[in-house]
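Okay, structure first, notes after.
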2 protein chains.
Amino acid sequence: MKAAADPAGRQVAVLVVILTVNEGRLQVLLIRRSAEPFKDAWSLPGGLLTPGESLQEAAVRKLDDETGLTDVFLEQLYTFSDLDGRGSIAVAYFALVDIGVAHLSRRREWLPAWFPVDDLPALAFDNEGVIDYALRRLQAKLDYSNVAYSLLPEEFSLSQLQRTYEAILGRALDKRNFRKRILSLDIVEPTGRVASEGRHRPAQLYRFRERKAVVF
Amino acid sequence: MKAAADPAGRQVAVLVVILTVNEGRLQVLLIRRSAEPFKDAWSLPGGLLTPGESLQEAAVRKLDDETGLTDVFLEQLYTFSDLDGRGSIAVAYFALVDIGVAHLSRRREWLPAWFPVDDLPALAFDNEGVIDYALRRLQAKLDYSNVAYSLLPEEFSLSQLQRTYEAILGRALDKRNFRKRILSLDIVEPTGRVASEGRHRPAQLYRFRERKAVVF
DNA sequence: CCAAAAGTGTTGGCTGTACACCCATGT
DNA sequence: ACATGGGTGTACAGCCAACACTTTTGG
């Protein structure tokens with residue numbers, strides 16, 4: 001609020017770590033860079049703030065560009081000041097999307113694609129660190145919030161929910177304890193419908209009582 | 001990482017919420033603004049990034065300017081993009097200091113002073129919101145980290161530590177349970193010395209095993 | 001009838017909470 | 001002697017983790 005240095009300001013970019021669960025694995029959306037530096041390397045989607053735009057607006061815009069989604073869990077993660085070596089500021093966000101409704105942008109130059117977080121290609125800048133940070137934050141939030149609502153369709157079985165948790169935490173969970181805990185948290189309610197997909201016993205379907213982030 | 005808009009960049013400022021515990025109350029350091037807008041209003045210390053400086057460096061510099069301290073708990077809090085109405089980006093940090101060793105800057109124009117967080121004057125911009133955010137984060141961290149190390153002198157009694165916790169949480173704690181919990185966390189160790197200050201029974205002194213932030 | 005996933009309870013250990021009295025010191 | 005804060009143990013409740021079998025369906 002004082003000091004007159006640096007009147008020209010800084011480049012401010014927004015990065016978005018977009019996560020989903022697919023085929024039992026936690027995956028992150030990456031694009032191929034079309035500009036130097038790190039041209040043709042994989043990186044997190046992001047871009048500079050446009051004039052008059054807030055950080056949240058820029059993150060929402062980026063997410064929409066890449067997935068066509070706007071109404072999902074999206075949270076500020078951390079602000080980095082040295083990712084590209086010099087000067088620019090990068091504000092990282094992380095978002096959780098249901099792969100079933102995310103439609104990847106097909107702008108050919110960007111080549112967006114999903115990668116399992118435990119099997120990433122070489123990344124531009126220090127993007128591994130950013131993804132790692134997002135992952136730890138997500139794991140911490142699973143325990144005391146309903147963030148997973150954003151990774152699943154509106155109706156889902158408890159087994160599906162459990163598989164989602166297991167993908168994120170990277171370890172198996174006990175079925176009975178899981179159900180007991182989720183039900184006692186009172187964050188889901190049965191829909192009365194059952195899922196007949198598969199060649200197995202139909203499962204009771206549930207929905208989240210709140211389809212927005214709730215912290216306990 | 002793409003898009004060429006806004007080549008001039010943005011003003012990037014750092015804000016520091018400097019907290020201490022004094023006289024049983026959690027207090028925050030405020031300065032009086034010497035420039036418009038909000039000239040003469042109280043506000044959080046902060047300033048623009050200088051060229052070539054990282055965010056962390058700027059926060060450390062600001063903290064040093066105000067308190068003469070550098071080796072304390074300091075953590076990034078959140079990045080705001082609309083605090084001053086338009087355009088500029090403010091990266092907020094929060095710091096915890098021992099009031100016994102913090103020496104307030106005496107540059108007359110700034111008038112730094114401590115205010116209890118539950119009795120703040122009118123503040124510039126949306127600084128109340130920033131302080132509130134810092135307070136909630138601090139309360140959450142108390143439970144699963146040793147952040148309080150930064151609020152106390154090197155040696156302290158468990159009663160002192162408890163008073164510090166109570167000031168932050170804003171409620172009384174049970175003495176026996178508090179001691180049991182702290183000791184079982186294994187974050188402090190007895191120094192063997194006792195404090196003879198006061199006109200009371202001397203207290204066993206402890207120190208933190210780690211004088212840096214440890215998260216569990 | 002077989003394969004695959006859904007659904008369902010009990011027990012033991014641990015952790016957190018409530019609660020009251022005696023002690024050492026300085027004045 | 002008294003005022004002040006330092007120091008200590010136990011009992012109960014709630015929470016979490018471990019653990020295995022039966023049911024329903026489709027093929």
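So you know, we letter chains A, B, ... as the sequences are listed, proteins then strands, and number each from 1. For clarity, every value in this text was computed on a predicted model and none was experimentally measured.
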(request) Round to the nearest Å and state the distance from B:D143 atom CG to C:dG16 atom C1'. (result) 12 Å
(message) Is it the case that C:dA24 (base atoms only) and B:R201 (side chain only) share a donor and an acceptor within less than 3.5 Å, ignoring hydrogens and angles?
(response) no
(request) Answer yes if the ring centres of A:F178 and A:Y165 are under 6.0 angstrom apart, and no otherwise. (result) yes
(message) Please compare A:P202 and A:R181 by the position of their nearest nucleotide in DNA chain D and report the one closer to 5'.
(response) A:R181
(request) Please check if the distance between the ring centroids of B:Y144 and B:F216 is under 6.0 Å. (result) no
(message) Among residues 159-177 of chain A, which ones have heavy-atom contacts with DNA chain D below 4.0 Å?
(response) A:D174, A:R176, A:N177
(request) Give, for atom CD of A:Q162 and atom CZ of A:R181, the distance between the pair rounded to the nearest 0.5 Å. (result) 10.0 Å
(message) Centroid separation under 6.0 Å, is that true for the rings of B:F73 and B:F94?
(response) yes
(message) Would you compute the distance between atom CH2 of B:W42 and atom CG of B:L123 and round it to the nearest 0.5 angstrom?
(response) 10.0 Å
(message) What is the separation between atom CD1 on A:I182 and atom C1' on C:dT8, rounded to the nearest whole Å?
(response) 17 Å
(message) Heavy-atom nearest nucleotide on DNA chain D for A:H200 versus A:K180: which residue maps closer to 5'?
(response) A:K180
(message) Please tell me whether A:F125 and A:F38 form a close aromatic pair, meaning their ring centres lie under 6.0 Å apart.
(response) yes
(request) Please list, in 5' to 3' order, the outermost nucleotides of DNA chain D lying under 4.0 Å from any heavy atom of chain B. (result) D:dT4 to D:dT10
(request) Any chance you could measure A:L74, atom CG, to A:K62, atom NZ, to the nearest 0.5 Å? (result) 13.5 Å
(message) Do A:R33 and A:D40 make a side-chain contact, defined as non-hydrogen atoms from C-beta onward lying under 4.5 Å apart?
(response) no
